[in-house]
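Numbered from 1 within each chain, the chains take letters A, B, ... in sequence-line order.
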Amino acid sequence: MIQNLVIVESPAKAKTIGKFLGKDFQVLSSYGHIRDLSPHKFSVDIEHGYAPKYEIPTDKKKLVKDLKSAASSAEVIWLASDEDREGEAIAWHLSEVLDIKDKTVNRIVFHEITKPAIQNAIQNPRSINNDLVDAQQARRVLDRIVGFELSPVLWKRIKPSLSAGRVQSVAVRIIVEREREIAEFKTQSQYKTTAQFLLSDKKTILEAELNHKFSTEEEARQYLELCSKGQFKVRDIVKKPGKRSPAGPFTTSTLQQEAARKLGYSVAQTMRIAQKLYEDGHITYMRTDSMNLSALAINDLSNLIREQYGEQYLQVRKYHQKAKGAQEAHEAIRPTYVSKEKIAGTAQEKKLYDLIRKRTIASQMADMLTERTTIYIESEGLDHHFSALGEVVLFSGFYSVYKEDTDDDQPQEENTNLLPKVEINEALTLKEAKSTERFTQRPARYTEASLVKKLEELGIGRPSTYAPTIQTIQQREYVIKGDREGKKRNYVQLELKDKQINKTELTETYGADKNKLIPTDIGIVVNDFLVEQFGGIVDLNFTAKVEDEFDHIAEGKLQWNKVIDSFYKKFHPKVEEAASISKQEERVGERILGTDPKTGLQVSVRIGRYGPMAQLGTTEDEDQKPRFASLPQGKSIVTISLEEVLDLFAMPKDLGEFEGKTITIGIGRFGPYVRHNNKFVSIPKGTDPLDVTYEEAIELIKNKREAEEKSIIKIFDEEPDLQVRVGRFGPYIKYQGSNYKIAKGTDAQQLSLDDCKKIIEEAPKKKSRAKSSKTTKSKSSKKATK
DNA sequence: CAGTGAGCGAGCTTCCGCTTGACTT
């Protein structure tokens, strides 16, 4: 029998701690929360003080049973969940669920997984902080009320299965508002002037920029004309020391940002890889908002920097978290053994480890020191002056190990920009000058990582939820990760050379975007509805405000259910009101575009049961049922024109006969298609279905037939319904409309009819396949039933 | 897998934060 049972949150942590504590301690893990509100039921008793009804999730039942039996045979139980609101609640749930009436229950905490930290924790046990637990309950209940009251309003007013919540709805709002700023952005242009001067040796060139931008071409031209007569000289040379400091060690959000910028990983990908590194013992915990490093780690880092770079490169620093609502229960993300330069693993794991390691080392290194030189150039009688900037690195410091990227698309300016030697009052000859029209840049669309950064700044969401939140808003189709093609524009360049000014018109592409978060029609309509009806909840500062109240609860100054009550009394009537109107009474987000000149029927667009749609005619019209059409990819209910909608109703379009059957063009659930003899061929992306000619349609049909023929490996005369084919995932059997997987390593060519039938019979029974394909992506719902 | 969208109604969808695997295609 083991005397002491320690329970932590993560199994990897349990393993390490077990080693530190020795034989008298058994260390187990709770795998996060062990109890929660039911995923299907409201589970908050509004009438009785908002009492939450907790249950043990089915997939946690066995774990809780095991923990119980371990607890029953131990004398002292140490609850060592994280030192934050959630961790305190986990400890409390454990103390409630495990049968431990007559046992000693000690609550202990540590911020780092080191032997001294853990021994110290064991020396200083306390009891559970009930105020902190209450703050967590308030957070949990508030989120449940918001999510489970708001979402049904959306089902009723807009479309089923939608969702809203304190975090996700603000994330969507940020993206929708940015898109509006982009749409409303008025670009302006200014003329930026640069010049090349020759030094007195008549050979060396000095490049400089004018400290003024002209708003019109005329002004720029006049200035260049003055320049052509100017007598330039060096007015002053100013030298200033410059320095740059390293960024702090990684937290979850900064790791996600840098991994996206430097390695191109998605937020979810970064977390998956980091999880593996953590489990393999290479890095500390990856879900953290702290920049703290343990004394042990700082010691290791100091030794490494001294040895590999020298004493002058070492500068021990302490970083402080600026993010709102940070709870700092863990260390920063760092290598467990910084001396380990390379790890075993996949290429992705190695790259991420290297990034974490270099960032951690750099964080304890000296500043980079530079000397910045500015040469001021002027001519008598001329307003404004030119200046040439140079920067020389005097001491590289942390910069030799790691440099942080920025989100700007602009290339980084070079750091070592040497300037030629000049003297004050040295006469310079203007070799040439250019005045180029430059445009102001529209705000940038968010990437996954820059959205995480924004959310963190607002104190919305936690390290463990950034990646899932981004997944949710994409899954609900509020936002898609997409590309936008750049547009072309002309700009003017005036060139002064040999006393002549030449004007050229050049073209540039601008505004192209790749893999950026773009709101969908559904996202826009849902957001506008929420902003209008529930502005307080989707307010960017809502979380910060309630966090303040949670803090007061944690300090014992407020009662948690009173906080919830005053919120609910204001919130619930708004829910009732919003839910009292039906979809038919008021169509959220509907746009009426006009009337069809041919029929005189009303043309409108809105969000329908299956997404954005167009409607011809109205339901009030008794004589004529309305016609409907889905909006094709790339079209939006916000911007689509009457003409474009009328084109949609021109389908299905008859193209004529081929082999005795008619060819029709239409748009279905999976996009535009050509239909012939009950067979469908997709029309490739980028082609307007209305532009497809009779000849092109036949071409598409023939191509499809050819591809189909090629895909058939084997066919049996006795059973023409059964075919062995090869597809994207390799060979498979097609039989009566269903596909069957062929086991790896089987030679599909050699299969006999009997072999195939056997494979079909032995294939696992499919569960409600037809249903799951209709409700596009309801994977999460299946998990819950299991 | 491809002409859905009205209406009838049953039953379902939904939140945020802690944690890892177990699952197909």
By a 5.5 angstrom centroid cut-off and a 30 degree plane limit, is there stacking between Y31(A) and dC18(B)? no

Using a heavy-atom cut-off of 4.0 Å across all strands, would you classify T469(A) as base, sugar-phosphate, or nothing? nothing

Write down the distance between CE (M271(A)) and P (dG17(B)), rounded to a whole number of angstrom. 14 Å

Using a heavy-atom cut-off of 4.0 Å across all strands, would you classify G617(A) as base, sugar-phosphate, or nothing? nothing

For R675(A), what residues pass the salt bridge (Lys or Arg N to Asp or Glu O under 4.0 Å) criterion, not counting sequence neighbours? none

Could you say whether V167(A) or P672(A) is positioned toward the 5' end of DNA chain B, judged by the nucleotide with the nearest heavy atom to each? P672(A)

Counting the atoms with a prime plus P, OP1 and OP2 as sugar-phosphate, which does G87(A) contact under 4.0 Å by heavy atoms, base, sugar-phosphate, or nothing? nothing

Heavy atoms only, 4.0 Å cut-off, all strands: where does P468(A) land among base, sugar-phosphate and nothing? nothing

Name the nucleic acid region contacted by Q584(A), choosing base, sugar-phosphate or nothing; use a 4.0 angstrom heavy-atom cut-off, strictly under. sugar-phosphate

Canonical and wobble pairing (Watson-Crick, G-U, under 3.5 Å) of DNA chain B, dot-bracket with |: .........................

Check ion pair E86(A)-R462(A) (N to O, under 4.0 angstrom): no

R476(A) side chain near dC15(B) phosphate (N/O to OP1/OP2, under 4.0 Å): yes

For K276(A), side-chain contact (heavy atoms from CB on, under 4.5 Å) partners two or more places apart: D280(A), E349(A)

Is H40(A) close enough to dT13(B) that one of its side-chain N or O atoms is under 4.0 Å from OP1 or OP2 there? yes

Which whole-number value in Å describes the distance from L63(A) CG to dT20(B) C1'? 11 Å

Is the base of dC16(B) touched by the side chain of R144(A) through a donor-acceptor pair closer than 3.5 angstrom? no

Does S151(A) put a side-chain nitrogen or oxygen below 4.0 Å from OP1 or OP2 of dC15(B)? no

Distance check: side-chain N/O of S10(A) vs OP1/OP2 of dT20(B), anything under 4.0 Å? yes

Reckon R287(A) has a side-chain N or O less than 4.0 Å from the OP1 or OP2 of dT20(B)? yes

Charged N to carboxylate O under 4.0 angstrom, R144(A) versus E149(A)? no

Y285(A) side chain near dT19(B) phosphate (N/O to OP1/OP2, under 4.0 Å): yes

With a non-hydrogen cut-off below 4.0 angstrom, is P160(A) in contact with a base, only sugar-phosphate, or nothing? base

Check every strand shown and say whether Q136(A) touches a base, only sugar-phosphate, or nothing at a heavy-atom separation below 4.0 Å. nothing

Here the distance between atom P of dA6(B) and atom NZ of K583(A), to the nearest Å, is 8 Å

Between E586(A) and R157(A), does any NZ, NE, NH1 or NH2 come within less than 4.0 Å of an OD or OE carboxylate oxygen? yes

Please identify each residue that fulfils salt bridge (Lys or Arg N to Asp or Glu O under 4.0 Å) with E644(A), with sequence neighbours left out. K635(A)

Verify the stacking flag for W155(A) against dT14(B): centroid separation must be under 5.5 angstrom and the ring planes must differ by under 30 degrees. no

By ring pair (Phe, Tyr, Trp, His ring centres under 6.0 Å), which residues pair with Y673(A), not counting sequence neighbours? F680(A)

At under 4.0 Å, does any side-chain N or O of R627(A) touch on OP1 or OP2 of dG5(B)? no

So, OP1 or OP2 of dC16(B): does either fall under 4.0 Å of a side-chain N or O from T465(A)? no

With heavy atoms under 4.0 Å as the rule, sort S630(A) into base, sugar-phosphate or nothing. base

So which pairs with a foot in residues 164-173 of chain A pass side-chain hydrogen bond (donor to acceptor under 3.5 Å, both in side chains), sequence neighbours left out? D143(A)-R166(A), S163(A)-Q168(A), R166(A)-T543(A), R173(A)-E177(A)

Would you mind classifying the nucleic acid contact of G32(A) as base, sugar-phosphate or nothing, using non-hydrogen atoms under 4.0 angstrom? base

What's S43(A) touching, base or sugar-phosphate or nothing? Going by heavy atoms closer than 4.0 Å. nothing

Spacing of F628(A) atom CZ relative to dG5(B) atom P, expressed in whole Å: 7 Å

For a quick check of understanding: with a heavy-atom distance under 4.0 Å over all strands, which category does Y278(A) fall into, base, sugar-phosphate or nothing? sugar-phosphate

dC16(B) OP1/OP2 closer than 4.0 Å to side-chain N/O of Q168(A): yes

When all nucleic acid strands are considered with a 4.0 Å heavy-atom cut-off, which category describes L162(A): base, sugar-phosphate, or nothing? sugar-phosphate

Are R140(A) and dG17(B) close enough that a side-chain N or O sits under 4.0 Å from OP1 or OP2? no

Assess whether a salt bridge exists between K53(A) and D45(A), defined as any Lys/Arg side-chain N lying under 4.0 Å from an Asp/Glu carboxylate O. no

